[in-house]
K.L.:
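Please read through the structure below; I'll follow up with questions.
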Protein chains: 2
Amino acid sequence: MSSVAKIALPLREASLTRIARWCHALSDETRLQIIDRLSAGEQCVCDLTDLLETGQSRLSFHLKTLKDAGILKDRREGRWVYYSLNPEAVEEMEQFVGGLKVCCQRLRKGTRCCD
Amino acid sequence: MSSVAKIALPLREASLTRIARWCHALSDETRLQIIDRLSAGEQCVCDLTDLLETGQSRLSFHLKTLKDAGILKDRREGRWVYYSLNPEAVEEMEQFVGGLKVCCQRLRKGTRCCD
DNA sequence: TTGACATATCAAAAAAAATTGATATATAAG
DNA sequence: CTTATATATCAATTTTTTTTGATATGTCAA
């Protein structure tokens, strides 16, 4: 069993805030490109800089945004810093969106859900 | 089979843009509250106004934001307008997040994915 | 047709987020 | 100890988003 918090509908105040943060973090194309890269595995900042052809402080800003939202983890190794997806956050997001999907399916069948 | 577009990693340009729009739409607590309400089924604007205790034009703005992102559908019935979740958008989001989850699982096992 | 109600749109102001360039910090190499 | 490299942080500016109040539109009822 994981220690990940449950995200269930109807949403509690705290979940609302957390989901809003994730979604804000994912609402920018540059940050989604970063996610896309990291979905293939951990990368160091220098590799991402090359890949995304962006200024250093700008990339740093977006990485921080993702990290603060809990979506990325980082790890220093000598002079380099490596970023990777945080599986716990991804798991929680999956729960939220999965819950919505179930609601939609029930609604299609005419059954009510979630209260 | 549904006609919903496939959202797969690595992301294509068009998918990036679409996901960024969804996530932006979901990045606000008021809008998430709306989603939360609608997860229990279609609601008219007047009910949402009561529920969310917010000004009319503000609610209208947020509903439009969600609708423009494709997350909500609307339907007029006489003087009232009813909003509901758009199952296709929810399905697509689910694919995206589900794909990320699979990547994370593979990464945990040391297998690479997505390229 | 007039008035009332539900909702949308618009324009101005306020607030929040992103970009940029400069500087700081940390580590390693010489 | 000095220098070079990788990355983070900061402050100023620009851009984007949100809020607010006023007005417009569409529908029904009298």
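In what follows, every chain begins at residue 1, and chains take the letters A, B, ... in the order their sequences are listed. Please read these numbers as outputs of a predicted model, since none were measured by experiment.
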K.L.:
OH of B:Tyr82 versus P of C:dA8: gap in Å, rounded?
P.N.:
13 Å
K.L.:
How long is the span from the CZ atom in B:Phe96 to the CG atom in A:Leu32, to the nearest 0.5 Å?
P.N.:
5.5 Å
K.L.:
If you measure only the distance, is there a donor-acceptor pair under 3.5 Å linking the side chains of A:Thr49 and A:Gln56?
P.N.:
no
K.L.:
Figure out the CG/C1' separation between A:Leu26 and C:dA17, and round it to whole Å.
P.N.:
16 Å
K.L.:
Under 4.0 Å, counting only non-hydrogen atoms across every strand here, what does B:Gly55 touch: a base, just sugar-phosphate, or nothing?
P.N.:
nothing
K.L.:
OP1 or OP2 of D:dA8 versus the side-chain N and O atoms of A:Arg76: is any pair under 4.0 Å?
P.N.:
no
K.L.:
Atom CZ of B:Arg75 to atom C1' of D:dG26: distance rounded to whole Å?
P.N.:
17 Å
K.L.:
Let me confirm one number: the NZ-CD distance from A:Lys101 to B:Glu94, rounded to the nearest 0.5 Å.
P.N.:
4.0 Å
K.L.:
What about B:Gln56, does its side chain sit under 3.5 Å from the base of C:dA8 through a donor-acceptor pair?
P.N.:
yes
K.L.:
Among residues 58-73 of chain A, which ones have heavy-atom contacts with DNA chain D below 4.0 Å?
P.N.:
A:Ser60, A:Lys64
K.L.:
Determine the contact category for B:Tyr83: base if any of its heavy atoms lies under 4.0 Å from a base atom, sugar-phosphate if only primed atoms, P, OP1 or OP2 are that close, otherwise nothing.
P.N.:
sugar-phosphate
K.L.:
What nucleotide, of D:dT7, D:dT9, D:dT20, holds the atom closest to the side chain of B:Ser57?
P.N.:
D:dT20
K.L.:
Which salt bridge (Lys or Arg N to Asp or Glu O under 4.0 Å) pairs, counting each pair once, include a residue from residues 48-67 of chain B, with sequence neighbours left out?
P.N.:
B:Lys64-B:Asp68, B:Lys67-B:Asp74
K.L.:
Is the closest side-chain heavy-atom distance between B:Leu63 and B:Leu72 below 4.5 Å?
P.N.:
yes
K.L.:
For B:His24 and C:dA17, give me the distance from atom NE2 to atom P, rounded to whole Å.
P.N.:
10 Å
K.L.:
For the pair made of CD in A:Gln43 and P in D:dA6, what is the distance, rounded to whole Å?
P.N.:
16 Å
K.L.:
Which residue, A:Trp80 or A:Thr54, contacts DNA chain C at a nucleotide closer to its 5' end, judged by nearest heavy atom?
P.N.:
A:Thr54
K.L.:
Of the options D:dT7, C:dA29, D:dA29, whose atoms approach the side-chain atoms of B:Arg79 most closely?
P.N.:
D:dA29
K.L.:
Taking atom CG of A:Leu11 and atom CD1 of A:Ile19, what is their separation to the nearest 0.5 Å?
P.N.:
4.5 Å
K.L.:
From CG of A:Leu52 over to P of D:dT7, roughly how many Å is that when rounded to an integer?
P.N.:
13 Å
K.L.:
Could you state the CD-C1' distance from A:Glu29 to C:dT19, rounded to the nearest angstrom?
P.N.:
16 Å
K.L.:
Whole-Å distance between C:dT27 P and A:Asp74 CG?
P.N.:
13 Å
K.L.:
If you draw a 6.0 Å radius around CZ in B:Arg75, do more than 12 non-hydrogen atoms from other residues or ligands fall strictly inside?
P.N.:
yes
